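Here is the structure we will look at.
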Amino acid sequence: QVQLVESGGGLVQSGGSLRLSCAASGRTFSSIVMGWFRQTPGKEREFLACITRNGGTTFYADSVKGRFSISRDNAKNTVYLQMNSLKPEDTAVYYCAAGKLIATIKSLYNYWGQGKQVTVSS
């Protein structure tokens with residue numbers, strides 16, 4: 001079992017930045033792949049980014065490439081999502097997720113955080 005607790009988020013103006021954190025417990029953090037997703041009402045949960053166990057490789061959705069950055073600190077059991085140049089369309093509930101395989105598909109992630117609201121005002 002893996003427990004994930006997100007922090008950060010909130011309200012920011014368009015063009016601003018926010019950083020989300022996700023603290024993991026219950027399993028050796030360095031053994032799990034981590035990802036970030038987001039969801040808006042009435043839409044499917046959307047892949048944003050993922051990072052390999054040692055942090056050496058990352059993948060991004062086209063919608064956030066160049067603006068968002070995923071990183072992890074295995075000593076702190078934490079994964080981060082740095083979000084820059086935020087746009088109103090980035091408004092969503094953001095989720096961190098843990099899995100065994102590096103993937104962009106949400107069904108391949110076994111554990112999920114509770115979600116954090118990010119609102120970008122125009």
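For reference, positions follow the sequence shown, starting with 1. Every value quoted in this text rests on a predicted model; they were computed, and no experiment measured them.
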Any side-chain to backbone donor/acceptor pair from [X] onto [Y]? Under 3.5 Å, distance only.
| X | Y | answer |
| --- | --- | --- |
| N74 | R53 | yes |
| Y95 | R45 | no |
| T52 | T57 | yes |
| T119 | T91 | no |

Legend entry - Linked, directly or transitively: V120 and L48 (ILVMFWY side chains, under 4.5 Å): yes

Rounded to the nearest 0.5 Å, what's the gap from [atom1] on [X] to [atom2] on [Y]? Could you check?
| X | Y | atom1 | atom2 | value |
| --- | --- | --- | --- | --- |
| Q114 | L4 | CD | CG | 8.5 Å |
| I70 | C96 | CD1 | SG | 9.5 Å |
| L86 | Q13 | CG | CD | 11.5 Å |
| N77 | S25 | CG | OG | 8.0 Å |
| Y94 | R38 | OH | CZ | 4.0 Å |
| E6 | L20 | CD | CG | 7.5 Å |

Inset, instruction - Indicate whether any N or O donor in one side chain lies under 3.5 Å from an N or O acceptor in the other, for E46 and S63. - result: yes

Is [Y] close to [X] at the side-chain level, that is, under 4.5 Å between some pair of heavy atoms?
| X | Y | answer |
| --- | --- | --- |
| I51 | V79 | yes |
| M34 | C22 | yes |
| F29 | R72 | yes |
| Y60 | C50 | no |

Taking all non-hydrogen atoms of both residues, which atom of [X] and which atom of [Y] are closest, and how far apart?
| X | Y | value |
| --- | --- | --- |
| G10 | L18 | O-CD1, 4.1 Å |
| M83 | V118 | CE-CG2, 3.9 Å |
| A98 | I32 | CB-CD1, 4.0 Å |
| S122 | P88 | CB-CG, 3.8 Å |

Sequence neighbours excluded and cut-off under 3.5 Å, please list the side-chain donor-acceptor pairs for residues 99-109, or say none.
residue, atom, partner, partner atom, Å
K106, NZ, E44, OE1, 3.0
Y109, OH, A103, O, 2.6

Legend entry - Contacts of type ring pair (Phe, Tyr, Trp, His ring centres under 6.0 Å), residue F47, not counting sequence neighbours: F37

Legend entry - Side-chain ion pair, D90 and K87, N-O less than 4.0 Å: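 Looking at K87 together with D90, the answer is no, because their closest N to O distance does not fall below 4.0 Å.
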
Inset, instruction - Start with the C-alpha distance between D73 and T78, add both sets of side-chain angles, then the distance that settles side-chain hydrogen bond (donor to acceptor under 3.5 Å, both in side chains), and finish with yes or no. - result: CA-CA 5 Å; D73 185 338; T78 301; over 6 Å; no

